[in-house]
Amino acid sequence: MTFLGLPGAAPGTATSPATVPAPAAAPADQDGPRDLTLLYRGPLASCDYDCPYCPFAKRRDTPEQLRADRAALARFTAWAAGRAGTGDTLSLLFTPWGEGLVRSWYRRALVDLSHLPHVRRVAIQTNLSCRTDWLAAADLHTLALWVTYHPGQVTRERFLAKCRELDALGVRYSVGVVGRPEHLDEARRLRTDLAEDVYLWVNAAEGLDYTDAEAARWTALDPHFGYSRHAHPSAGLPCRTGESVLSVDGEGTVRRCHFVRDVLGNLYDDSYRARLGPRPCPLPVCDCHIGYVHLETLPLYRLFGAGVLERVPADWPHGPVPNHR
C-alpha cells in the first residue's frame, strides 16, 4: 500500500514528461459554477521526523526552496480567495511531501482559507509536531486536520497532549497510524487514550500482506481497515477525479489526481476547466486512500460524508456531523 498519502515521484526525482491531452469537447457548463475538491501539493519536501518507512525523513529544504514553496502557496491561496463571487465552491486538502504546519505560511493559509464563505472545508495532513494556539484564529466549522501518529518519533504522552489541545479548542480531526506489526501495541494504547469521538484510522503498511488474523487485529482498532488492506482494481472504472476532484502542484499544473501524470491544464489560466468531465481510471489499481476514496464504485463518499477530506466517517461515533456551514 502507498503510505500516508504520499504517492508518486518525490520532488527532484526524474519522471516521464507530463503529457497534455488534445483538447476535448468542452462541457456545456465549463464556465458555470463548479463544486471542486482540490488536493494541493507544493514543492515543500522537508520534514522534522525520521520515519524509517518514509523517503523524506529529516530532509531539509534550502532557503531558496522554502521561499519558492511559500510563494507557490501564496499564489494558490490568492487564487482560492479570488473564486469568491464566481459561484464556485471549494474543498481543499493539503498533502505536502513534508510537514507543512511547522511553517508559518501553511498555518496562515489554513486560517485565511477557513474564513472564506465559498470554502466548504480546508484540511491538511500533518504529524501535529507544531504548536496549536494558531488554530484559535481559524473558523473551526471549516478547518480540519488529518493527523498521523508516528511511534518512535514522538512519545505517546506528548502526542496525546497535542490531541487534548485540539479537543479543548474544538478542532475537528482524525488520527492515524501505519499498520506495522511493531506499532500494534502503541496503536491499541492510543485508541484507549484518545477521546471517543476521535476516529483512529490505520493505513496498511507498504509491501505488507496481512493474514486474516493480522487484519482482524487492526480492524478491531479501525473498523474500516479493510479498505486499506488491499489495492482496489480501478482500470476503466468511474472516478470523481478529473471531474470534481483535482490535483494541483506548486506551479498550478492540474492533473486528475496525484497518481495520473497526464496534465489537464493550469489552474491560473483556467485552461483546466475545458477538460473537466467524467473519465474512467487509466491505472490498473489504486492503493492509496486519497486516491481510491474518490472511486465511484466504492461507498466511501457515503461512509465519510462531510468528513471525506479529513478522513472522519459521517457516523463516527454518534451520528452525522453538520455539513460545514
Side-chain angles (χ1 to χ4, degrees), residues 1-7 49 51-54 93 95 123-129 144-167 171-232 286-293 295 298-321:
M1 301 299 112
T2 307
F3 57 91
L4 300 183
L6 296 177
Y49 279 9
C51 302
Y53 42 81
C54 179
L93 175 62
T95 63
I124 189 170
Q125 295 177 324
T126 176
N127 62 26
L128 203 59
S129 61
L145 301 179
W146 164 322
V147 179
T148 305
Y149 172 51
H150 299 278
Q153 303 300 308
V154 61
T155 65
R156 180 167 26 90
E157 292 74 17
R158 183 178 178 85
F159 180 82
L160 284 166
K162 291 290 183 70
C163 292
R164 292 182 184 115
E165 291 173 8
L166 299 184
D167 295 336
V171 178
R172 180 169 164 79
Y173 68 103
S174 67
V175 171
V177 295
V178 177
R180 298 174 64 89
E182 64 270 25
H183 292 174
L184 180 59
D185 287 343
E186 272 297 305
R188 285 170 169 163
R189 296 186 184 103
L190 181 67
R191 176 64 278 172
T192 297
D193 293 338
L194 280 172
E196 180 187 0
D197 60 352
V198 174
Y199 172 56
L200 176 68
W201 48 265
V202 179
N203 269 358
E206 181 93 10
L208 183 61
D209 291 325
Y210 296 81
T211 66
D212 289 345
E214 290 167 339
R217 297 185 189 108
W218 292 108
T219 303
L221 298 175
D222 174 7
H224 306 302
F225 173 69
Y227 290 109
S228 180
R229 181 184 176 188
H230 299 294
H232 296 275
C286 189
D287 68 351
C288 183
H289 177 90
I290 58 174
Y292 64 69
V293 73
L295 278 173
L298 295 177
L300 297 181
Y301 267 49
R302 184 169 67 252
L303 172 64
F304 288 98
V308 69
L309 290 192
E310 63 270 26
R311 201 168 176 174
V312 176
D315 61 354
W316 188 273
H318 301 301
V321 297

Rounded distance (nearest 0.5 Å) linking atom [atom1] of [X] with atom [atom2] of [Y]:
X	Y	atom1	atom2	answer
Leu295	Leu300	CG	CG	8.5 Å
Leu166	Arg164	CG	CZ	11.5 Å
Asp167	Asp197	CG	CG	6.5 Å
Glu196	Arg191	CD	CZ	8.0 Å

Output all residues satisfying side chain to side chain donor-acceptor pair (under 3.5 Å) with Thr211, sequence neighbours left out; order by chain, then residue number.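 With neighbours one apart ignored, the set is Glu214.
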
Those residues that, when tested against Ser174, pass side chain to side chain donor-acceptor pair (under 3.5 Å) (two or more places apart):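 Applying side chain to side chain donor-acceptor pair (under 3.5 Å) to Ser174 gives Trp201.
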
What closest approach, in Å, do [X] and [Y] show between heavy atoms, and which atom pair accounts for it?
X	Y	result
Thr219	Phe225	OG1-CD2, 3.8 Å
Leu200	Asp222	O-CB, 3.4 Å
Leu184	Trp218	CA-CH2, 3.5 Å
Gly291	Cys286	C-SG, 3.5 Å
Asp287	Ala231	CB-CB, 3.7 Å
Tyr199	Arg311	CD2-O, 3.0 Å

Do Trp316 and His224 pass the ring-ring contact (aromatic ring centres under 6.0 Å, His included) test, and can you show the C-alpha distance, the side-chain angles, and the key distance before you say yes or no? CA-CA 12 Å; Trp316 188 273; His224 306 302; 7.2 Å; no

Among residues at least two apart in sequence or on other chains, which ones pass salt bridge (Lys or Arg N to Asp or Glu O under 4.0 Å) with Asp212?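 Scan of Asp212 (salt bridge (Lys or Arg N to Asp or Glu O under 4.0 Å), adjacent residues dropped) gives Arg229.
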
Counterpart residues, salt bridge (Lys or Arg N to Asp or Glu O under 4.0 Å), relative to Glu182 (two or more places apart):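 Expected list: Arg180.
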
Could you list the residues that satisfy side chain to side chain contact (heavy atoms under 4.5 Å, CB included) with [X], not counting sequence neighbours?
X	result
Val308	Val293, Tyr301, Phe304
Arg189	Arg156, Asp185, Glu186
Arg158	Val154, Thr155
Ala220	none

Do the side chain of Tyr149 and the main chain of Ala187 share a donor and acceptor less than 3.5 angstrom apart?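 Checking the backbone N and O of Ala187 against the side chain of Tyr149, no donor-acceptor pair under 3.5 Å is found.
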
Hey, does the side chain of His232 reach the backbone of Tyr227 with a donor-acceptor pair shorter than 3.5 angstrom?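 Yes; at least one donor-acceptor contact below 3.5 Å.
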
My understanding is that only residues two or more places apart in sequence, or in another chain, count here; which of them pass ring pair (Phe, Tyr, Trp, His ring centres under 6.0 Å) with Tyr173?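 Ring pair (Phe, Tyr, Trp, His ring centres under 6.0 Å) list for Tyr173, sorted by chain: empty.
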
Using the side chain to side chain contact (heavy atoms under 4.5 Å, CB included) rule, pick out the option among Val147, Thr148, Leu145, Ile290 that qualifies with Gln125.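 It is Ile290; the other options fail the test.
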
Are the side chains of Asn127 and Gln153 in touch, meaning some heavy atoms are under 4.5 Å apart?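 They are not in contact (no side-chain heavy atoms under 4.5 Å apart), so the answer is no.
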
Heavy-atom distance under 4.5 Å between the side chains of Val202 and Ser228, does that happen here?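 A side-chain contact under 4.5 Å is absent here.
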
Given Val198 and Cys163, is the side chain to side chain contact (heavy atoms under 4.5 Å, CB included) satisfied, shown in steps? CA-CA 9 Å; Val198 174; Cys163 292; over 6 Å; no

